[in-house]
There are 2 protein chains.
Amino acid sequence: MNNNTRFTVAIHILTLLAYCGPEPLTSEFIAGSVNTNPVVIRRILANLRQAGLVSSQGGPGGGWQLLKAPETVTLRQVFLAMEETSIFPLHSSDPNPLCPVGRTIQQALMRRFQSAQVALEQDLDRTTIAQLVQNVSEDC
Amino acid sequence: MNNNTRFTVAIHILTLLAYCGPEPLTSEFIAGSVNTNPVVIRRILANLRQAGLVSSQGGPGGGWQLLKAPETVTLRQVFLAMEETSIFPLHSSDPNPLCPVGRTIQQALMRRFQSAQVALEQDLDRTTIAQLVQNVSEDC
DNA sequence: CTTATCCGTAACCATGATGGTTGCGATATT
DNA sequence: AATATCGCAACCATCATGGTTACGGATAAG
């Protein structure tokens with residue numbers, strides 16, 4: 001499965017935005033919590049903005065804000081905002097079309113993988129950013 | 001999510017073994033269907049053997065055979081045999097422990113991701129190698 | 001209007017994962 | 001003995017990923 005941490009960081013960012021209240025947070029501040037470079041944060045936030053989850057504002061006092069109530073943002077929405085392709089990639093080189101299995105396996109797998117991804121997304125849809133904020137607060 | 005094709009190739013191999021009947025198939029023959037190098041095939045088959053799904057035999061006339069009826073082998077078993085770590089990796093560098101969110105987010109995420117993975121596996125468990133063989137046959 | 005912030009984005013780099021390849025020893029069949 | 005096949009280590013090219021620098025543009029504060 002995918003080996004990048006963008007989904008994890010995206011959730012982290014949104015949880016932080018929800019936790020720290022309505023004031024805008026700068027990418028530098030967020031990077032301090034995530035422990036990475038501000039540009040990495042902005043790259044991910046660009047996707048979240050494209051998905052309508054956050055807005056950005058330049059200049060002093062600027063930064064990033066949530067556009068939706070944390071109760072209404074599910075992990076599924078975040079997952080989709082990251083534009084991951086498929087959770088399971090197919091063959092790196094196309095299989096042998098002269099083999100009955102090679103000729104047909106990819107189409108069959110695409111259907112199965114799609115089904116699995118739907119199941120995954122349905123589970124992700126059951127968790128909201130608000131719930132994660134709740135978790136953090138409990139831990140204090 | 002993970003970006004490797006081992007799961008896909010593993011399913012391909014097992015489907016081929018089930019489709020081509022009980023005679024052993026060589027890694028070279030399998031590689032011809034998958035369109036890759038025999039060593040790549042053997043690497044994946046080593047995992048499947050470790051999981052008790054196939055057996056291997058050296059020497060002329062040797063090769064690989066299924067150890068279980070295709071009706072009893074689900075995609076979940078294949079998935080687990082590949083020993084993928086977690087479908088969603090956590091941060092590459094640990095988040096800031098001085099931040100309330102950074103300090104607690106990983107544990108919360110591990111729980112959520114675990115839940116999502118269970119949902120995924122449950123869906124994978126609904127498909128057997130026999131069903132994939134059926135798909136191939138229909139297509140002929 | 002000038003200055004200090006802050007975002008937006010391109011470009012580059014180091015690192016690691018992945019798949020492909022070669023080589024050779026071990027094993028089993030004939 | 002000869003052949004076919006696995007087992008496995010070693011190496012390599014390619015690519016994805018995250019980190020970093022750099023710089024232009026926009027905006028708020030004074």
Side-chain angles (χ1 to χ4, degrees), chain A residues 1-10 12-13 17 23-50 53-65 67 82-96, chain B residues 1-10 12-13 17 23-50 53-65 67 82-96:
Chain A
M1 16 224 83
N2 279 356
N3 244 350
N4 72 48
T5 64
R6 291 163 43 80
F7 183 41
T8 286
V9 175
H12 184 148
I13 293 172
L17 287 173
E23 291 79 35
L25 304 184
T26 70
S27 59
E28 189 171 357
F29 176 84
I30 299 172
S33 171
V34 175
N35 190 19
T36 182
N37 190 289
V39 177
V40 174
I41 299 296
R42 280 184 238 148
R43 284 206 273 247
I44 293 170
L45 277 164
N47 280 15
L48 295 177
R49 178 180 48 201
Q50 201 173 351
L53 298 178
V54 299
S55 66
S56 66
Q57 173 111 21
W64 300 82
Q65 287 175 300
L67 279 181
M82 290 302 103
E83 291 181 349
E84 307 291 357
T85 54
S86 176
I87 49 176
F88 298 122
L90 295 180
H91 308 67
S92 43
S93 305
D94 280 347
N96 187 346
Chain B
M1 15 223 85
N2 279 355
N3 243 351
N4 71 49
T5 64
R6 290 162 45 79
F7 183 41
T8 287
V9 174
H12 184 148
I13 293 172
L17 286 173
E23 292 80 34
L25 304 184
T26 70
S27 59
E28 187 172 357
F29 176 84
I30 299 172
S33 170
V34 175
N35 189 20
T36 183
N37 190 289
V39 178
V40 174
I41 299 296
R42 279 183 237 147
R43 284 207 273 246
I44 293 170
L45 277 164
N47 280 16
L48 295 176
R49 178 181 48 202
Q50 202 174 351
L53 298 178
V54 299
S55 65
S56 66
Q57 173 112 21
W64 300 82
Q65 286 175 301
L67 278 182
M82 291 301 103
E83 291 181 350
E84 307 291 357
T85 55
S86 174
I87 50 177
F88 298 122
L90 295 180
H91 307 66
S92 43
S93 305
D94 280 347
N96 187 346

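Looking only at side-chain heavy atoms (C-beta outward), B/His91 and A/Thr5 stay at 4.5 Å or farther from each other. Side-chain contact between A/Val34 and A/Val40: absent, with no pair of heavy atoms (C-beta onward) separated by less than 4.5 Å. Taking the side chain as every heavy atom from C-beta outward, B/Asn47 and B/Ile44 never approach each other to under 4.5 Å. Side-chain atoms of A/Ser56 and A/Trp64, non-hydrogen and from C-beta on, do get closer than 4.5 Å to each other.
Regarding contacts with the backbone of D/dT17, every side-chain N or O of B/Ser92 stays at 4.0 angstrom or more from both OP1 and OP2. Checking the phosphate oxygens (OP1, OP2) of D/dA16, no side-chain nitrogen or oxygen of A/Asn4 falls inside 4.0 Å. A close approach under 4.0 Å does not occur between any side-chain nitrogen or oxygen of A/Ser93 and OP1 or OP2 of C/dG19.
Across C/dG20, D/dT27, C/dA28, the shortest atom-to-atom separation from the side chain of A/Pro60 is found for D/dT27.
Residues A/Asn37 and A/Gly61 both approach DNA chain D. Their nearest nucleotides, taken by heavy-atom distance, put A/Asn37 toward the 5′ side.
In this entry the distance linking CD1 of A/Ile13 with C1' of D/dG18 reads 13 Å, nearest Å. C/dT18 atom P lies 17 Å from atom CG of A/Leu90, rounded to whole Å. Rounded to whole Å, atom P of D/dG18 lies 7 Å from atom CD1 of A/Ile44. Computed from coordinates, the A/Asp94 CG to C/dG19 C1' distance equals 15 Å when rounded to whole Å. Between A/Met82 atom CE and D/dG18 atom P there is a gap of 11 Å when expressed in whole angstrom units. Between the NE2 atom of A/His91 and the P atom of C/dG20 there is a distance of 10 Å, rounded to whole Å. Here D/dG18 presents its P atom at 15 Å from NE2 of A/His12, a figure rounded to the nearest Å. A straight line from CD of A/Gln65 to P of C/dC6 spans 14 Å, rounded to a whole angstrom.
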TODO: Give the B/S/- string for nucleotides 7-15 of chain C, one per nucleotide from 5' to 3', where a protein heavy atom under 4.0 Å of the base yields B, of only the sugar-phosphate yields S, and otherwise -.
DONE: BBBBB----
Task: Intermediate values then yes/no, side chain to side chain contact (heavy atoms under 4.5 Å, CB included), B/Val54 and B/Leu67 - done: CA-CA 5 Å; B/Val54 299; B/Leu67 278 182; 5.5 Å; no
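Not a single donor-acceptor pair under 3.5 Å links the side chain of A/Ser86 to the backbone N or O of A/Pro89.
Among residue pairs with one or both ends in residues 29-42 of chain B, those qualifying as side-chain hydrogen bond (donor to acceptor under 3.5 Å, both in side chains) are B/His12-B/Ser33, B/Ser27-B/Arg42; sequence neighbours excluded.
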